[in-house]
Amino acid sequence: KYYPNSDIWSLGLTLMECALGQSPFPKMMNVFDFMTYVSKNPLPSLPGDKFTPGFQDFVANCLINKYDQRPNSSQMLLHPFVHQYEEISINYLKGWINSLQSPSLS
């Protein structure tokens, strides 16, 4: 059965994959094998030496396996990780993003 906070789980997995650059699960699984694997194995976590505690906690909350214990979207929006950069101006972010571009792309 689909539950709306299934999207929260998907967000957590997407963030983890982006952060790690790959899926944290074994390769070459079909959807049924994946669902079985997820239900019977501990969920992966982000390495503490590479990511901030706030990001780790945000992703961990997204990936709570039991849907009825997982925070919903309104609760996730209250997470400190979401609010930690509220005071940064858009101009600062534009400058930072531009600094990441290679000279050949400018």
Side-chain angles (χ1 to χ4, degrees):
K1 183 174 179 180
Y2 173 81
Y3 297 94
N5 64 356
S6 296
D7 293 334
I8 299 299
W9 194 88
S10 297
L11 171 64
L13 183 56
T14 300
L15 290 171
M16 183 176 278
E17 287 185 6
C18 288
L20 297 174
Q22 63 185 20
S23 172
F25 297 107
K27 305 279 187 249
M28 305 303 286
M29 282 196 281
N30 63 43
V31 70
F32 300 109
D33 291 341
F34 177 77
M35 297 305 281
T36 301
Y37 181 88
V38 167
S39 69
K40 294 185 180 203
N41 291 284
L43 289 172
S45 59
L46 291 167
D49 61 333
K50 295 184 180 183
F51 302 101
T52 66
F55 182 61
Q56 290 175 319
D57 188 63
F58 185 84
V59 171
N61 275 280
C62 289
L63 294 177
I64 291 172
N65 214 7
K66 295 187 182 242
Y67 74 90
D68 57 343
Q69 295 175 5
R70 188 180 313 128
N72 63 34
S73 58
S74 296
Q75 293 166 319
M76 290 305 295
L77 285 172
L78 297 174
H79 193 281
F81 178 75
V82 173
H83 295 280
Q84 70 183 1
Y85 299 108
E86 284 180 324
E87 301 301 319
I88 295 178
S89 77
I90 191 70
N91 289 329
Y92 174 81
L93 291 175
K94 284 181 185 176
W96 179 75
I97 290 169
N98 287 334
S99 74
L100 297 177
Q101 294 179 350
S102 83
S104 63
L105 297 176
S106 301

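All residue numbers in this chain count up from 1 along the given sequence.
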If every non-hydrogen atom of N5 is compared with every non-hydrogen atom of N72, which pair is closest and at what distance?
CB-CA, 4.4 Å

Exam field: side chain R70 to backbone N65, donor-acceptor pair closer than 3.5 Å:
yes

Would you mind reporting whether Y67 and S6 have side-chain heavy atoms less than 4.5 Å apart?
no

Would you please name every residue forming a side-chain hydrogen bond (donor to acceptor under 3.5 Å, both in side chains) with N41, sequence neighbours left out?
none

In the structure I gave you, are the side-chain heavy atoms of F58 and L15 within less than 4.5 Å of one another anywhere?
yes

Indicate yes or no for a side-chain donor-acceptor contact from E17 to the backbone of T14 under 3.5 Å, with no hydrogens or angles considered.
no

Which of parallel (below 30°), tilted (30 to 60°) and perpendicular (above 60°) describes F55 and F81?
tilted

Are side-chain heavy atoms of V82 and M76 found at a separation under 4.5 Å?
no

What one should report as the nearest heavy-atom pair of P24 and L20 is CB-CD1, 4.1 Å

Within the supplied structure, the quantity of interest is the number of heavy atoms (other residues, nucleotides, ligands) at a distance under 6.0 Å from K66 NZ; does it exceed 12?
no

Do other residues, nucleotides or ligands put more than 12 heavy atoms under 6.0 Å from E87 CD?
no

Between H79 and D57, the two heavy atoms sitting closest are NE2-OD2, 2.7 Å

Minimum heavy-atom distance between K27 and Q22, given as atom pair plus value
NZ-CB, 4.2 Å

Can you name the nearest heavy-atom pair linking V59 to G12, along with the distance?
CG1-O, 3.8 Å

Side chains of L13 and C62, heavy atoms from C-beta outward: is any pair under 4.5 Å?
no

How many angstroms lie between CZ in F34 and CZ in F25, if you round to the nearest 0.5 Å?
4.5 Å

Taking every non-hydrogen atom, the tightest pair across P71 and N61:
CD-O, 3.4 Å

Can you name the residues that form a ring-ring contact (aromatic ring centres under 6.0 Å, His included) with Y92, not counting sequence neighbours?
none

Looking at CD of Q56 and CE of M16, how far apart are the two atoms once the value is rounded to the nearest 0.5 Å?
9.0 Å

